[in-house]
Amino acid sequence: MSARFVVRRSDESVFEEPGELAPGSDGLARWCAVGYDDGSAHTDFGISRLAEGGHVPTHVHSFEESFHLLKGEVLLATPEATVHLVAGDYGVIPVGVPHAWRAVGEGDAEWADIFAPPPRRRNGSDTYRVPDLPFAEPVRVDPRDPRTRSFGAIAPEQMDPGRQSQELLAQSASMRTALLVYSGISLKMMVDSDLGSVLSTMFMVQYEPDGKAGPHDHPLEEAYLILDGEVDATFDGETFRMRPGDIAWAGVGCIHSFRATGAPVRWLETQSPQMPARHAYRFVRDWDYLSEQLGEQS
């Protein structure tokens, strides 16, 4: 029986050359925190590291790739533009889109990424080398620029409910800039269908000191990378204190919950497949309530 959850600690991270995932690359390594070998059907989640001056030649995938730059600077060449990405930027590379990476600036670059569905080694990691794209004059991420419509940027202050006024927003107010706030939890969507994603989503979550989400499960897979603070997480009844750099994955039907530990905690989260319009959550307490009501009526 395949595992229904995985928890990987930051001090257990193993960065390896990605081989067929990035043919001909120079200076690229990746920590595959969860993927096909773990029993995941929809999610390969990890962290990629590109050494200073490194590059990945032009290639295509038969899976969707979304990413969030954690540190450093890179150029990402696509048929539409060469985009200069810095920490906080994110984006999606749809299935079959040629792209190439190049590290710029000082130091290594790192980004969290999700491949959906997971690449299969027996199929050459579902990756194909194609003729090189030229690195054109780079442009920065700008949601008003159609050349960067598959990209965005997020900063920690954007998770603050008190900074959502028109004057403080970096761009005009819309659902693209909206912050969802409830029960001590703030959520800002990053990669979704509006950005061109079809197979997964990526978003930022922040829990205030009293933030919590009770036990629940989904008809989809989730992955989490803790960025700031600490959170007590449960997966199928097992409790873990998760800290910055830790990664977890919850498979379909895994009952999980989160509770902040007395200070704000922030993490990057992904879902694959994308959340359905209805019945995306099953909260245990709601079904317990129904059982009690039915029991009283019998």
Side-chain angles (χ1 to χ4, degrees), residues 6 8 30-35 40-49 61 63-71 74 76 78 83 85-95 97 99 101 109-119 141 143 148-156 158-159 174-180 185-207 213 218-228 231 233 242 244-252 256 258 265-276 280-281:
V6 171
R8 297 272 154 75
R30 185 171 186 266
W31 173 27
C32 177
V34 61
S40 173
H42 300 281
T43 303
D44 183 308
F45 185 79
I47 297 176
S48 292
R49 177 184 294 160
H61 301 304
F63 52 83
E64 187 176 87
E65 177 178 359
S66 296
F67 63 88
H68 173 53
L69 203 68
L70 300 171
K71 72 175 187 177
V74 294
L76 176 59
T78 71
V83 185
L85 301 166
V86 298
D89 290 343
Y90 58 84
V92 57
I93 304 169
V95 174
V97 171
H99 60 285
W101 301 85
E110 287 189 3
W111 60 89
D113 47 29
I114 175 176
F115 305 147
V141 172
T148 63
R149 63 178 178 268
S150 294
F151 303 89
I154 191 169
Q158 290 178 283
M159 303 301 296
S174 68
M175 290 307 297
R176 172 52 47 196
T177 63
L179 182 69
L180 177 62
I185 304 170
S186 299
L187 184 153
K188 185 177 281 288
M189 182 57 64
M190 296 161 59
V191 175
D192 61 2
S193 58
D194 187 49
L195 238 64
S197 175
V198 175
L199 300 172
S200 65
T201 61
M202 176 179 285
F203 48 95
M204 196 69 70
V205 176
Q206 181 167 298
Y207 278 41
H218 306 286
L220 47 83
E221 298 175 351
E222 291 188 328
Y224 324 86
L225 168 63
I226 309 301
L227 298 174
D228 294 302
V231 62
M242 297 188 64
D246 291 347
I247 289 176
W249 167 80
V252 174
H256 54 285
F258 300 97
V265 58
R266 184 170 59 92
W267 68 76
L268 184 72
E269 184 168 333
T270 68
Q271 293 180 334
S272 186
Q274 293 185 4
M275 182 177 284
Y281 290 83

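Excluded from the calculations below are hydrogen atoms, water molecules and symmetry mates; all remaining heavy atoms, backbone and side chain alike, are included.
- The side-chain hydrogen bond (donor to acceptor under 3.5 Å, both in side chains) check on S197 picks up E64, Q274, with sequence neighbours excluded.
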Show, in sequence, the C-alpha distance, side-chain angles and deciding distance for H68 and M204, and conclude whether the side chain to side chain contact (heavy atoms under 4.5 Å, CB included) test is met.
CA-CA 10 Å; H68 173 53; M204 196 69 70; 3.8 Å; yes
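- Taking CD1 from I93 and NE2 from H99, the interatomic distance works out to 4.0 Å, rounded to the nearest 0.5 Å.
- Scanning both residues, L179 and M159, for their nearest heavy atoms gives CD2-O, 3.7 Å.
- Between Y90 and W111, the ring center distance fails the sub-6.0 Å criterion.
- A distance of 5.0 Å separates CG of L225 from CD1 of I247, quoted to the nearest 0.5 Å.
- Qualifying salt bridge (Lys or Arg N to Asp or Glu O under 4.0 Å) partners for R30, counting only residues two or more places apart in sequence or in other chains: D44, D113.
- Remark: F63 pairs with H61, F115 by the ring-ring contact (aromatic ring centres under 6.0 Å, His included) rule, at least two apart or across chains.
- In plain terms, the two heavy atoms of V205 and I185 that are nearest each other are CG1-CG2, 4.1 Å.
- The CG atom of L195 sits 8.5 Å away from the CZ atom of F151 when rounded to the nearest 0.5 Å.
- D89 is linked by a side-chain hydrogen bond (donor to acceptor under 3.5 Å, both in side chains) to nothing, counting only residues two or more places apart in sequence or in another chain.
- In this structure, CZ in F258 is found 6.0 Å from CD in E269, a value given to the nearest 0.5 Å.
- Across M189 and F203, no two heavy atoms sit closer than the pair CA-CB, 3.8 Å.
- Counting heavy atoms from C-beta outward, V141 and L85 have side chains that approach closer than 4.5 Å.
- Considering only residues two or more places apart in sequence or on other chains, H42 meets the ring-ring contact (aromatic ring centres under 6.0 Å, His included) condition with none of them.
- Residues satisfying the side chain to side chain contact (heavy atoms under 4.5 Å, CB included) test with A155, not counting sequence neighbours, are E157, Q158.
- Ring centroid separation for the pair W267 and Y207 comes in under the 6.0 Å cut-off.
- Within the 4.5 Å cutoff, no side-chain heavy atoms of K188 are placed close to those of Q206.
- By the side chain to side chain contact (heavy atoms under 4.5 Å, CB included) test, A280 is found to be paired with M275, P276, residues two or more places apart in sequence or in another chain being considered.
- Judged as a side chain to side chain contact (heavy atoms under 4.5 Å, CB included), and not counting sequence neighbours, the contacts of S150 are V92.
- Between atom CD of residue E65 and atom OG of residue S48 there is a gap of 7.0 Å, rounded to the nearest 0.5 Å.
- With contacts defined as side-chain heavy-atom distances shorter than 4.5 Å, the pair I47/R49 does not qualify.
- For R266, the side-chain hydrogen bond (donor to acceptor under 3.5 Å, both in side chains) partners two or more places apart in sequence, or in a different chain, are D228.
- Taking every heavy atom of both residues into account, S40 and E221 meet most closely at OG-OE1, 2.9 Å.
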Would V265 and L227 count as a side chain to side chain contact (heavy atoms under 4.5 Å, CB included) here? Give the steps.
CA-CA 8 Å; V265 58; L227 298 174; over 6 Å; no
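- Partners of W101 according to the side-chain hydrogen bond (donor to acceptor under 3.5 Å, both in side chains) rule, which considers only residues two or more places apart in sequence or in another chain, do not exist here.
- Here the closest non-hydrogen pair linking A233 and M242 is CB-SD, 3.9 Å.
- Taken to the nearest 0.5 Å, the CD1 atom of I154 stands 8.5 Å off from the CG atom of L268.
- Residues V252 and H218 are not in side-chain contact: their nearest non-hydrogen atoms beyond the backbone lie 4.5 Å or more apart.
- By the side chain to side chain contact (heavy atoms under 4.5 Å, CB included) test, A223 pairs with T43, F45, T270, sequence neighbours left out.
- Taking every heavy atom of both residues into account, L199 and A116 meet most closely at CD1-O, 3.2 Å.
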